[in-house]
Amino acid sequence: MNTQYRQQILSTVAAIPRGFVSSYGDIARLAGLPNQARLVGYVLKTLPEESRIPWHRVINAQGKISFPCDSLSYHRQRLALEEEGLIVKNNKVQWLKKRWAAQ
DNA sequence: GCCGTGACTTTCA
DNA sequence: GTGAAAGCCACGG
């Protein structure tokens, strides 16, 4: 599956600076794929560990982590965000001051 | 080739 | 601020 989208999405996610986060919709839009936020999630889901993509810096538009609280991925993402200075309170990420958008 | 599903978004109550 | 419903698109069965 070629999916030229995949490389575009990965490039966009990889461009997120450390300590900043973005949403699936923004990633899709910046990658030139509006209305395809779900595809971003799908790509990240099928993402191998070797890709070295900061997928933990991508959250949903509500500022929440798109995983169940009991999920392992949820904890990994939360820890990674807190490791970069992001604050997670009540399943919500304080990204309003740290949201990233490519110019 | 139809159908259900998903790491989503936006709008409305 | 919270929750439900409709909309969107690609993938696998």
Side-chain angles (χ1 to χ4, degrees):
Chain A
M1 52 192 77
N2 159 27
T3 60
Q4 199 173 9
Y5 318 135
R6 194 170 67 85
Q7 192 58 39
Q8 288 284 68
I9 294 171
L10 295 182
S11 301
T12 306
V13 176
I16 301 176
R18 188 179 185 280
F20 284 77
V21 292
S22 185
S23 68
Y24 296 92
D26 289 338
I27 295 299
R29 182 173 55 82
L30 295 173
L33 305 167
N35 304 358
Q36 285 188 322
R38 308 197 74 145
L39 187 57
V40 176
Y42 183 83
V43 172
L44 294 181
K45 183 178 66 174
T46 62
L47 192 62
E49 294 288 342
E50 303 81 22
S51 52
R52 297 181 179 178
I53 298 295
W55 58 268
H56 52 271
R57 294 173 189 162
V58 183
I59 58 181
N60 60 19
Q62 298 182 343
K64 298 180 182 178
I65 297 175
S66 303
F67 287 106
C69 299
D70 56 356
S71 175
L72 176 62
S73 299
Y74 172 86
H75 286 287
R76 288 210 304 172
Q77 184 170 14
R78 176 168 176 166
L79 289 176
L81 290 175
E82 292 181 349
E83 189 72 16
E84 297 186 358
L86 273 298
I87 302 172
V88 181
K89 291 288 186 180
N90 296 332
N91 202 12
K92 297 173 187 173
V93 183
Q94 303 290 67
W95 73 314
L96 297 179
K97 298 179 182 177
K98 290 292 185 179
R99 59 182 175 184
W100 174 82
Q103 289 73 13

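Every chain is numbered from 1, with letters handed out A, B, ... down the list of sequences.
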Separation of dA10(C) C1' from Gln7(A) CD (nearest whole Å): 18 Å

Leu72(A) with Leu79(A), same ILVMFWY side-chain cluster at under 4.5 Å: no

Lys92(A) side-chain N/O to dT2(C) phosphate OP1/OP2 under 4.0 Å: yes

Exam field: side chain Asn60(A) to backbone Gln62(A), donor-acceptor pair closer than 3.5 Å: yes

Contact summary for Leu39(A) and Tyr5(A), nearest pair of heavy atoms: CD2-CD1, 3.5 Å

Asn91(A): side chain to side chain donor-acceptor pair (under 3.5 Å) partners, not counting sequence neighbours: Tyr74(A)

Shortest non-hydrogen contact from Gln77(A) toward Ile65(A): OE1-CG2, 3.1 Å

Length of the line joining Gln36(A):CD and dA10(C):C1', which is rounded to integer Å: 8 Å

Whichever of Thr46(A) and Gln62(A) has its nearest DNA chain B nucleotide further upstream toward 5': Thr46(A)

Sugar-phosphate only, base, or nothing, as touched by Leu39(A) at under 4.0 Å among non-hydrogen atoms: sugar-phosphate

Whole-Å gap separating P (dC8(C)) and CD1 (Ile27(A)): 22 Å

5' to 3' contact window, DNA chain B with chain A (heavy-atom distance under 4.0 Å): dG6(B) to dT10(B)

Distance test, side-chain N/O of Tyr42(A) to OP1/OP2 of dC9(C), below 4.0 Å: no

Sugar-phosphate, base or nothing in reach of Ser73(A), heavy atoms under 4.0 Å: nothing

Ion pair Glu84(A)/Arg57(A), N-O distance below 4.0 Å: yes

